[in-house]
Structure formats: structure tokens, C-alpha cells
A.B. asks: 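Structure incoming, see below.
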There are 2 protein chains.
Amino acid sequence: MASKIFDMFSLSEENYLKAIFHLENSLKSGVSTNALAEEMQTKASSVTDMVKRLSDKDLVNYKKYQGVKLSQAGREAAIEVIRKHRLWEVFLVEKLNFNWDEVHEVAEQLEHIKSEKLTNELDKFLDFPERDPHGDPIPDAQGNFHISNRVLLSNLGVGETGICIGVKDSSAEFLQYLDKHDISLGKKIVVIEKEDFDKSMLIKLDDQELRISSQISANLYIKTL
Amino acid sequence: MASKIFDMFSLSEENYLKAIFHLENSLKSGVSTNALAEEMQTKASSVTDMVKRLSDKDLVNYKKYQGVKLSQAGREAAIEVIRKHRLWEVFLVEKLNFNWDEVHEVAEQLEHIKSEKLTNELDKFLDFPERDPHGDPIPDAQGNFHISNRVLLSNLGVGETGICIGVKDSSAEFLQYLDKHDISLGKKIVVIEKEDFDKSMLIKLDDQELRISSQISANLYIKTL
DNA sequence: AAATAAATTTAGGCTTACCTAAAAAATTGA
DNA sequence: TCAATTTTTTAGGTAAGCCTAAATTTATTT
């Protein structure tokens, strides 16, 4: 990871880098101006503006009409922000009694605090967590993600069993649904039945059975046993 | 304390409010444009600019050529920022192994994080500390300072004894001087000798005797026994 | 009470990060 | 293929928060 001498990037630049990182990962391709505008909740012309600035700083590779890709430096910066975001989420949930659906907004602010010592001491204080409260992996100080083979619950077949290790959708609404039905990270899930027509599932969770729609099963990450 | 609906103030506005608060307290009067410019490390014309904006929002009372005073709302906002700053300093020192001369810069960033829940949970997590690592009082959630009668060491007479409870100058240089000579909050200090000429003092600290200049004694707060 | 000096404000500019509207390029599809 | 549509960029504007230089007000001195 390149050294950070001063406050290197503005809050807005960091948010763009993070957004590009997420889009590259989910789209598995370069990121279009419109996609970025959608992600950033802003206008395409604002994106073009910012993307040019990021390009001037060599944080992204940009060619007119062809979208952006992160450069190595840009990717490192994005990962650093994501690392901080996820560490703060762990802190909020584990130390300050936040619920997993309450942490995002505050972590969005905390992720921009600039202090290498702070980040690394926080990491140590939290005992080097590997995942945030939604099950997303936390990059280490070198920017390496601890990757594990996870699948979506919707991909399991009848009779298969797994442990819930994360969520794809981490909106407050979805997280509250999970809370209400007692689904949390670490829970064992057995697929009892699968409906062909609408892809809904009957699952076993502790001792109860629960019927869930495909929207639920397609947003729960599972580690198979 | 008035309710905070959204992100009420910008980072810059908060810094100005904080600076005005500190200057009002030390000057015990209204704050001049130049004094504010000096405190904010900026130009007088920039101060006039900002002071007008703060005045439009009724955070300060401002009349041309006559300096500013905080309004009630402005004072509350300033105190809230100071509360957060000092709570974060305690967190950094007590939980993350920061030294008391390293916390300021990071706390300057953390003090602007907006989340009432975060602030209050942090307060609880730290067990409602009354003072920050430099001995400055931490306002409670209602904005009340816990005030105690403290004096500067330079005001003690020969033979008098007190407990070190804070520093007036909290620059890294001064704090490092104190570390080097083993002076820390809570230490008992006895004044053995006082030099009329240069106001230097011979003090007893644990079992050692130490000669300190008036620049030191005029920057150490003492609670007399 | 002028004259000078100091403090403060105004005027005009700059950068960042956003916006709308219009132009240009790329894509789609008849 | 070429016209219509969509995507992207350009042009020009705005607000916050800073700047310098010039003007104005207040304070100080003689």
C-alpha cells in the first residue's frame, strides 16, 4: 500500500473511489458514467467532472465515452476507505450497542478520518476482525481481503445445509426483516423445500421452520458445510 | 440543548463556533475579527465572510466593526463540538494507546462526526469521563461543564500542596516536557522554594525534587488540598 | 482635532463540487 | 444503413470558503 503523506484525498474523491470499486466488483467490468451517477446519487455531468479530476491524479484510467477503471493507486485508496468503514462498523456494533441496521450512516462519516495510527489501533482494539457486522470481509493493513468461498442461499439445493455468513443487501429494511425472523450471522440453515414456481424456500433455522421468498434467499450469503 | 435535526453545520462553521467559544472564554469579551483570524489561521477578510454567514443563521451576534458574540444556539453548537472532541481524546488515550500529545489532530477530525447516538454511547462506553487527557472538563449531554476550582501552579506559595489536574498549554512540546519529567495528571506537587527574580520554583514530585521555570508553572492547573 | 496607524470590510477572483441545458458521440433497431 | 434513442460530454452557472488588494471605519497620537 502506497504511503499516505498528508490528507491525500477529499471526502468526495474518496466516495467516488469507493463507489467505482464496488461497481467494478459487481459489474465485473469498467464503470460507466451513468452507473456511477446512479451509485453516487448525482448527475452524469458531475461524474464526468470528477472523473476527469481523478484521472488527472492518476487514480483512475479514463477515456472519453468509455467509462473508468481504478488504477492501482485508486484501488489502494478505495480499499483503505472500505477497511476503515468496516472496522468502524464492528466498533459501533460490538462496543457501542449499535444494531447492524444503524451503523452504515455513521460509518460513512468515520471512514474518512485520516490517521493511520487510529485505523491500526482500532483494528488491534477490535482484535483484528475479519468481517464486519454484515459479513463483509475487512481488508488488512496491507489491503488484502480474506476471501472465503461463499454462495447465496438461493443456490443451495433441498437438503443442503450452511452457515449464514453475510448479507448481499445491507439495507436497514432487509436487516430488520432478518432481525424479526431471528436470522443472524452464524446461524445454521437447512433447506427443506424449494418451490420451483417462485423460488421460495422452506428453511429450518434453530428449531423453527420458516418460508422465505427468493428475494430473501438471494441476499443471504452462506458457507456450506 | 436544542435538538439537532440533520447535519446542521458545516465543518468550517463548527470550527469557527468552537474558536469563538474559546476566545470568548479566554478574552472574557466579544471576539474581534483579527483575533478570530489569528485563531483560525486565516485572513481577516475570510473571517468577515464567515461571520456574516453565521450571523445570518443566528449562531452569532455580529455588528460591523464590533466583533462577534455567540448566540445561545451558537454556544450550544460549540459546546457539542467540544464535548465530542474531548470524549474522542479520552477514547484515543484510554482505548487506543495514544499519548496525550498525539490526540489533538485526530480529535479535530472526529469532533465533526454527526450522530447523537454515537456521542452518547461513546460517553457511556468511556464511563462518563469528567475530564479529557489534558484535564479539560467534558460537558455532559446537556452541555453543562463540571467546573472545579483550579489554580495555576504559579499561584501557589511556598509550602503549599496540590494535585495536578490539567494543562493550560496543551501543545505537544509542553506535554512531552511533562512526560520527560514525569509530571502527569493526578500527581501531588509540593512547592518547596520560589525564586523572586524569575518566578522559577523548586517542587517536590513523588520523591524527586525538580526545578521548573515560570513558563511551566504558569501552564499547570492544580487543585489545592 | 487632525493626521496617522490599525482594524475591518468590500470587491473581485479562485477552486471544488455540484447543477441545467445543449451538443456530440455511441448504440439500437427498423 | 441510417434514423432514433441513449449515453456522455461540454458549456456555463451556483454556493461555500478561501484569497489579495483596495476602500472604509475606528483607534491612537500628537
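Small disclaimer: the values here were computed from a predicted structure and weren't measured. Heavy-atom basis, side chains included; hydrogens, waters and symmetry copies ignored. First the proteins, then the strands, lettered A, B, ... as listed; each starts at 1.
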A.B. asks: Under 6.0 Å from the NZ atom of A:Lys194, do we count more than 12 heavy atoms belonging to anything else shown?
C.D. replies: yes

A.B. asks: Who are the ring-ring contact (aromatic ring centres under 6.0 Å, His included) partners of B:Tyr177, not counting sequence neighbours?
C.D. replies: B:His181

A.B. asks: Give B:Ser12 one of three labels, base, sugar-phosphate or nothing, depending on what nucleic acid heavy atoms sit under 4.0 Å from its own.
C.D. replies: sugar-phosphate

A.B. asks: Could you tell me how the ring of B:Phe91 sits relative to the ring of A:Phe125: parallel (under 30°), tilted (30 to 60°) or perpendicular (over 60°)?
C.D. replies: perpendicular

A.B. asks: Is B:Thr48 close enough to C:dT9 that one of its side-chain N or O atoms is under 4.0 Å from OP1 or OP2 there?
C.D. replies: yes

A.B. asks: Starting at CH2 of A:Trp88, measure out to CG of A:Leu126 and round the result to the nearest 0.5 Å.
C.D. replies: 8.5 Å

A.B. asks: Is there a residue in residues 49-60 of chain B whose heavy atoms reach under 4.0 Å of DNA chain C, and which residues are they?
C.D. replies: B:Lys52

A.B. asks: Salt bridge check, A:Glu121 against A:Lys124: does any charged N sit closer than 4.0 Å to a carboxylate O?
C.D. replies: yes

A.B. asks: Using the test side chain to side chain donor-acceptor pair (under 3.5 Å), find all partners of B:Asn15 that sit at least two apart in sequence or belong to another chain.
C.D. replies: B:His112

A.B. asks: Which residues pass the side chain to side chain donor-acceptor pair (under 3.5 Å) test with B:Asn99, sequence neighbours left out?
C.D. replies: none

A.B. asks: Between B:Lys117 and A:Glu105, is the closest basic N to carboxylate O distance under 4.0 Å?
C.D. replies: no

A.B. asks: Hey, which of A:Arg86, A:Lys18, A:Arg83 is the one that makes side-chain hydrogen bond (donor to acceptor under 3.5 Å, both in side chains) with A:Glu111?
C.D. replies: A:Lys18

A.B. asks: When you look at CD of B:Gln215, are more than 12 heavy atoms from neighbouring residues, nucleotides or ligands closer to it than 6.0 Å?
C.D. replies: no

A.B. asks: Could you encode protein contacts along nucleotides 21-26 of chain C as a string, one character per nucleotide from 5' to 3', using B for base contact, S for sugar-phosphate-only contact and - for no contact, with a heavy-atom cut-off of under 4.0 Å?
C.D. replies: B---SS

A.B. asks: At a heavy-atom distance below 4.0 Å, what parts of residues 14-44 of chain A sit against DNA chain C?
C.D. replies: A:Tyr16, A:Thr42, A:Lys43

